[in-house]
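The structure under discussion appears below in the form of structure tokens.
Numbering starts at 1 and runs along the sequence shown.
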Amino acid sequence: MSRKPRSLKQIQAQLADQLRAADHSWADIGREFQRRFHVNARVALRQAHGWTQPEAAERWNRRWPDDPKTFKNFSYWEAWPSSTGYAPSLEVLDRMAQLYECSVADLLSDLHDYGAKRRPALSQVREPAPGGGSIVPPQRPDVQPYPLMPALIPLAAPGAGSPFGAGPGVSGGPGVSGGPGDADDLLSSVSSVPEISSLMTLPDGGNSLSRRSALLNLSSLFAVAAAAPLAADKAVPSPAGRVDEGMVDNTGLIVGGLRQQNAALGPSATVQTGLAMRAMMESVVKDAPAGLIGRAWVVYGDLAHLLGWMMFNMGQDELAHFYYEDARKAAYQADDYELAANVLAAQAHLSMSGGDHQSAIDHAQAAEEAARRSASRHARAYTADMTARVYASAGQGARSLAALERERKQMQRIDWAEPAAERWGFYGPAFYWARESECHLLLGHPVEAADAGVLAQQRFNPAYLHNNAMALARRAQAQVQFGDVPAACQALAEAARMATLAGSQRLGTEMARAREQLAPYASEPVVQALDVRMDRYRRQRGAADLGGAAPGADREA
């Protein structure tokens, strides 16, 4: 009489024994495991043999010692076609089929049938577009009670007729000039700017913009930012009270537009408008009726968080702390755990950058707890992402990799076709791979860092210049560490080219670190050519500091 199984592994072992005794093939058993245990084909066939991932890797290494694999390789292959997996090559699939005694087709039986209309596999999903969509752009509410001019409106500098001040610690700022005109005039004027037109040329490598997509993205983002002061001027409530649902929703959309512009062009092109919007939002929160006060606080908190992030990117850590605290208080006023999780994660990042690893870990753990109290899967995935980052910065590799694994599992539960809150527009499959690249770089694993960096570049929306440039700068650091100097120079040159339009102090710091690591190769022609290109980019208007000395080692991006 067989004993009652006490674990899932025992249940699976008994089932496999019964099916083998009934003369079923391993492929048959794998299909039954897929049906009964809700796993994919590659997991099912491994479990049918009763092997863990390390055990499967051990058997692989016995048969093919010249091509060793680890449990992590099996984890990536089994996660594919999720965005957090690696696609196994045909040679890998053939060897897995030999291990599991099945056909290659049996290992792929869980994949989509493209003869029927289905949602694209997650591995094909790019970073959410500036319009907010990923696979299918989400429907926007038709809320526009206050007209926005289609033409570009000049942004007045503080003290020059602007109704809003610059805010603490900021003087002046970039403006967007222009006058009434049609879309052709706009595109013509934008493409004539040297810094923008340089982005329309084909790069030497990396993930870049086509001329048409760049112009469309940049023109729409400029229009959103330029319209915000006008909207604020028309939307400031009067003493009689004009704050209504339409105003709150409309303001939230404008804040979302600012977030998209910051992601595409960096903080210097966005911060002044954000400060003006915050002055307007103070009036909105003050005069909002009881039924709208919570929503108004959420919009205010999102804006304050965005301002903190921009200040952080510009190296203004004290101001970043001020705005993050402002955003955290707004989250508690609104009783919004999702917003609180996002802000606490940002505070963890700020503490980490200052070398205060214990404070960073405390904030990251608080962010994960807030995310668990929310209903947002994006919040749970992103806070695990930040926890991985701070543990890697503190040198705690095992905890960092465990947090990355939590993030992977949370991301697999996200339906990327469903619209999420505007604040998560930046977050997607590319973001995960960029984080894995950064964590491996911090932990001294350059090969893994470079591999993950390639996957991030393949998935990032090319309009998000700042994110792309940051990933390229880190990828260059990894490549130089394992000796691929030409590839590192190519990646760093592309990062510098993007930084001419979307630069920030943090990005400049990352590029300076990469260039410092190239110092032993300074006499090589490929490095000298890189220096010439970086010097040319540095001289272009709006470029970040592309070659200065990096700050102390305790400052991490």
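The shortest side-chain heavy-atom distance between L492 and M534 falls under the 4.5 Å cut-off. Residues S75 and N73 form no side-chain contact, since every pair of their non-hydrogen atoms from C-beta on lies 4.5 Å or further apart. Proximity of I254 to M277: side-chain heavy atoms (C-beta onward) are separated by under 4.5 Å at one or more points. Using a 4.5 Å cut-off on side-chain heavy atoms (C-beta onward), Q47 and V43 make contact. In this structure the side chain of H357 reaches within 4.5 angstrom of the side chain of S393, judged on heavy atoms. Side-chain contact check for R497 versus E494: some heavy-atom pair is nearer than 4.5 Å. A heavy-atom distance below 4.5 Å is not found between the side chains of Q490 and V485. The shortest side-chain heavy-atom distance between D451 and H440 does not fall under the 4.5 Å cut-off.
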Salt bridge (Lys or Arg N to Asp or Glu O under 4.0 Å) between D531 and R533: does it pass, once the steps are laid out? CA-CA 5 Å; D531 287 339; R533 294 184 65 181; over 6 Å; no

Run D362 and Q358 through side chain to side chain donor-acceptor pair (under 3.5 Å) and show every step you take. CA-CA 6 Å; D362 290 344; Q358 188 55 56; 3.0 Å; yes

Take E438 and R389 through the salt bridge (Lys or Arg N to Asp or Glu O under 4.0 Å) test and state the conclusion after the steps. CA-CA 8 Å; E438 181 183 8; R389 189 178 209 168; 3.0 Å; yes

Can you check side-chain contact (heavy atoms from CB on, under 4.5 Å) on Y537 and M498, steps first, answer last? CA-CA 9 Å; Y537 292 140; M498 293 180 178; over 6 Å; no

Criterion side-chain contact (heavy atoms from CB on, under 4.5 Å) on T273 and Q261, from CA distance to verdict: CA-CA 11 Å; T273 306; Q261 178 174 337; over 6 Å; no

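Salt-bridge check for D326 with R328: failed, with every basic side-chain N at 4.0 Å or more from each acidic carboxylate O. Checked for salt-bridge contact, E78 and R42 miss the test: no charged N lies under 4.0 Å from a carboxylate O. A salt bridge is absent between E282 and K286; no separation between the charged side-chain nitrogens and carboxylate oxygens falls under 4.0 Å. A salt bridge is absent between R46 and E55; no separation between the charged side-chain nitrogens and carboxylate oxygens falls under 4.0 Å.
Scored by the salt bridge (charged side-chain N to carboxylate O under 4.0 Å, His left out) test, R295 finds E245, D249 as partners (sequence neighbours excluded). Listed by chain and residue number, W297, Y300 satisfy the side chain to side chain contact (heavy atoms under 4.5 Å, CB included) test with A330 (two or more places apart in sequence, or in another chain). Taking the side chain to side chain donor-acceptor pair (under 3.5 Å) definition, one finds that E436 meets it with Y76, Y432, sequence neighbours left out. For Y391, the side chain to side chain donor-acceptor pair (under 3.5 Å) partners two or more places apart in sequence, or in a different chain, are Q365.
Across every non-hydrogen atom of A381 and I414, the tightest pair is CB-CD1, 4.3 Å. Closest approach of D317 and S353 over heavy atoms only: OD2-OG, 4.0 Å. Nearest heavy atoms, A334 versus V298: CB-CG2, 3.6 Å. Minimum interatomic distance between A450 and A478 (heavy atoms only, all atoms of both residues): N-CB, 3.8 Å. The shortest heavy-atom contact between C439 and A388 is SG-O, 3.5 Å. The nearest pair of heavy atoms linking A360 to V390 is CB-CG1, 3.9 Å.
No donor-acceptor distance shorter than 3.5 angstrom exists from the side chain of S359 to the backbone of D356, with no hydrogens or angles considered. Using modelled atom types, no side-chain atom of D484 and backbone atom of V480 make a donor-acceptor pair closer than 3.5 Å.
M386 contributes atom CE, which lies 10.0 Å from atom CD of E407 (distance to the nearest 0.5 angstrom). From D302, atom CG reaches atom CZ of R423 across 4.0 Å, with rounding to the nearest 0.5 Å. We find the CZ-CG distance between R474 and L507 to be 9.0 Å, quoted to the nearest 0.5 Å. Atoms CE and OG1, from M470 and T509 in turn, are 8.5 Å apart once rounded to the nearest 0.5 Å. With rounding to the nearest 0.5 angstrom, the CG atom of D385 is 7.0 Å from the CG atom of L404. Of the inter-residue distances, the one linking Q457 atom CD with L472 atom CG reads 3.5 Å to the nearest 0.5 angstrom.
Classified by interplanar angle (parallel below 30°, tilted 30° to 60°, perpendicular above 60°), the ring pair W60/F74 is perpendicular.
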Which donor-acceptor pairs under 3.5 Å do side chains of residues 305-314 form with protein atoms, sequence neighbours excluded?
| unit_1 | atom_1 | unit_2 | atom_2 | d |
| --- | --- | --- | --- | --- |
| N313 | OD1 | R506 | NE | 2.4 |
| N313 | OD1 | R506 | NH2 | 2.9 |

Would you give me the side-chain donor-acceptor pairs under 3.5 Å for residues 366-373, sequence neighbours excluded?
| unit_1 | atom_1 | unit_2 | atom_2 | d |
| --- | --- | --- | --- | --- |
| E368 | OE1 | R406 | NE | 3.4 |
| E368 | OE2 | T387 | OG1 | 2.9 |
| E368 | OE2 | R406 | NH2 | 2.8 |
| E369 | OE1 | R372 | NE | 3.4 |
| E369 | OE1 | R372 | NH2 | 3.1 |
| E369 | OE2 | R373 | NE | 3.3 |
| R373 | NH1 | Y337 | OH | 3.3 |

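Taking the ring centroids of W416 and W424, they lie at or beyond the 6.0 Å cut-off. Separation of the W433 and Y86 ring centroids falls under the 6.0 Å cut-off.
Counting non-hydrogen atoms of other residues, nucleotides and ligands closer than 6.0 Å to CZ of F71 gives a total of 12 or fewer.
Under 3.5 Å, the side chains of Q347 and E325 contain a donor-acceptor pair of N or O atoms.
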